[in-house]
Amino acid sequence: MDQNGRTYSTIALVNMGSSFLLNFLVTFPNLLHLHKLPPSSFLIVFLCLSDCLTSANVVAITATHLIRQTLEYDTTMCQIQGALIIFSAVLSMSLCAGLTLFRYLVIVGNMNITKQFTVVYFIGAIFFSIVVSIFPFLLGSQSESYVLQPTGVHCAIAWNSREPRTLAVAIIFPIIILSALCGIIYAYIRIYLTVSSDVAALRSSGVASGKRFKSNSAHTGSHTASFTVEIAQEEDKARFSLRRNNASAVDPERAKQMSLLVQSIAVVGVFVLGWAPYFLFIMVELVLGAVPVSTDCEFASEFFVGFGDVLNPVVVLLFDVDIRKNVFAFFKCGTRHSS
């Protein structure tokens, strides 16, 4: 193992080791309360569990390199771990798309997301991820498709391969990512337009009410006009009281949905930003083919993926009240028992 290989393996081990610990600390306490979690939190728990799977595979590979002081790795194990990494990557992407879909259906479609719908979506995401990850095995090209990457940090698809079956697999992955990304962008644009129109409608309603009040109170020259003003004032008071009562009933739900929207944007944003450099690296590899890409550039893109996995549980604890409550309760209970 040369100095670069040792440096790559050490940094990746620390990075993904931290990711594994943080995601596990978020996941384990909440697995005991899955039936109580709302749909978005349900998906987020398994998003963290998926990141645990990715991190564990990288930790196993890099720790093996550092212990044996060589980048040589068992071919069969590399194929298995490569499939697991692709599985967890596609599953994480599917769960992020699910978080966005849920906000879209609630805010734009005015739908109620049930636990049954959440479980069905989750099972579908798992099935889809399994199909994508075992596709090279179905084609019989697993030995050519799943290889140890030049940095030695993880096993994945040989993105620069021109072997027809491997190339087909390599092309499918960015197509899936682009499709999901386009769907996420479209959904958040529609959500933004819907929320903006709702706010504009509320403001225009308030302005219209004020104008109506002024026009009714303008003619005060006679007893009849004064009586009309009093009736108009009473009507406006009644309307204001009704709007206030309705607002008090709607505002908690609206505030909840806005909080969930911010939460989904934060979680999905960390995922997209973390994977963006690696996606760019994949596209460069696909285009250049046999032309080698700098291992420093490749490792930098891999590091951003791991760093995103480290940030994700932190963002989850900051924005998800239900998950945070379960984590704190778990450690509080553990502290009580130890004392």
Side-chain angles (χ1 to χ4, degrees), residues 22-54 88-129 180-181 183-195 198 250-275 308-330:
L22 289 173
N23 281 285
F24 182 79
L25 291 178
V26 170
T27 302
F28 183 73
N30 283 279
L31 288 176
L32 307 175
H33 303 280
L34 284 177
H35 60 288
K36 299 179 182 178
L37 292 175
S40 295
S41 299
F42 182 91
L43 293 187
I44 289 175
V45 169
F46 284 101
L47 174 62
C48 293
L49 184 60
S50 177
D51 290 343
C52 274
L53 180 59
T54 303
S88 59
V90 176
L91 180 60
S92 296
M93 180 194 62
S94 301
L95 295 177
C96 285
L99 289 173
T100 306
L101 175 64
F102 287 7
R103 293 306 99 222
Y104 176 85
L105 293 177
V106 170
I107 296 176
V108 179
N110 291 319
M111 289 180 56
N112 181 34
I113 305 299
T114 63
K115 184 59 69 71
Q116 182 180 7
F117 179 83
T118 305
V119 173
V120 170
Y121 179 88
F122 175 66
I123 294 174
I126 289 181
F127 178 77
F128 176 70
S129 303
L181 185 61
I184 289 172
I185 293 174
Y186 170 79
Y188 280 124
I189 290 175
R190 287 294 308 276
I191 290 171
Y192 172 78
L193 294 175
T194 301
V195 172
D198 289 346
V250 174
D251 282 349
E253 181 62 26
R254 178 180 291 274
K256 175 184 175 183
Q257 294 305 326
M258 290 300 102
S259 176
L260 290 173
L261 175 60
V262 172
Q263 168 192 295
S264 68
I265 291 174
V267 173
V268 173
V270 168
F271 177 83
V272 171
L273 292 176
W275 274 89
D309 290 346
V310 172
L311 284 181
N312 183 56
V314 177
V315 171
V316 168
L317 289 177
L318 286 175
F319 288 94
D320 196 303
V321 177
D322 297 288
I323 290 179
R324 182 171 68 244
K325 181 176 64 177
N326 291 333
V327 171
F328 286 175
F330 177 82

message: I need the Ile323 CD1 to Gln263 CD distance, nearest 0.5 Å.
response: 7.0 Å
- request: Would you check if Ser92 and Asp51 make a side-chain contact, meaning some heavy-atom pair closer than 4.5 Å?
  value: yes
- request: Please list, chain by chain and in numerical order, all residues satisfying side chain to side chain contact (heavy atoms under 4.5 Å, CB included) with Ala266, sequence neighbours excluded.
  value: Val315, Phe319
- prompt: Can you list the residues that meet the ring pair (Phe, Tyr, Trp, His ring centres under 6.0 Å) rule with Phe122, with sequence neighbours excluded?
  reply: Phe42, Phe46
message: Just verifying a value: how many Å separate Ser40 OG and Arg103 CZ, rounded to the nearest 0.5 Å?
response: 4.0 Å
- prompt: Any idea which heavy atoms bring Gly98 and Tyr121 closest together, and the distance?
  reply: N-OH, 3.1 Å
task: Mind checking side chain to side chain contact (heavy atoms under 4.5 Å, CB included) for Thr54 and listing every partner two or more places apart, or none if nothing turns up?
output: Met16, Ser88, Asp309
Ignoring hydrogens and angles, write down the donor-acceptor pairs under 3.5 Å from the side chains of residues 30-37, residues two or more places apart or on other chains.
from	atom 1	to	atom 2	distance (Å)
Asn30	OD1	Asn326	ND2	2.8
Asn30	ND2	Val26	O	2.8

- request: Look up atom CD1 in Ile113 and atom CG in Leu105, then write down how far apart they are to the nearest 0.5 Å.
  value: 4.5 Å
message: Do Leu91 and Ile126 make a side-chain contact, defined as non-hydrogen atoms from C-beta onward lying under 4.5 Å apart?
response: yes
Validation: residues 183-194 side-chain donor-acceptor distances under 3.5 Å, sequence neighbours left out:
from	atom 1	to	atom 2	distance (Å)
Tyr186	OH	Arg190	NH1	3.0
Tyr188	OH	Thr100	OG1	3.4
Tyr188	OH	Ser264	OG	3.2
Thr194	OG1	Arg190	O	2.8

- request: Please list, chain by chain and in numerical order, all residues satisfying side chain to side chain contact (heavy atoms under 4.5 Å, CB included) with Leu311, sequence neighbours excluded.
  value: Val270, Phe307
query: Do Leu43 and Thr118 have side-chain heavy atoms sitting under 4.5 Å apart?
result: yes
task: Starting at CG of Leu95, measure out to SG of Cys48 and round the result to the nearest 0.5 Å.
output: 10.0 Å
From Asn312 atom CG to Ser50 atom OG, the distance as rounded to the nearest 0.5 Å: 10.0 Å
query: Between Ser94 and Phe128, what is the shortest heavy-atom contact and its length?
result: OG-CD2, 4.0 Å
query: Parallel under 30°, tilted from 30 to 60°, perpendicular over 60°: which one fits the rings of Phe102 and Phe117?
result: tilted
task: Kindly check if the number of other-residue, nucleotide or ligand heavy atoms within 6.0 Å of NZ (Lys325) is above 12?
output: no
message: The test is side-chain contact (heavy atoms from CB on, under 4.5 Å); show your working for Val90 and Met93 and say whether it passes.
response: CA-CA 5 Å; Val90 176; Met93 180 194 62; 4.2 Å; yes
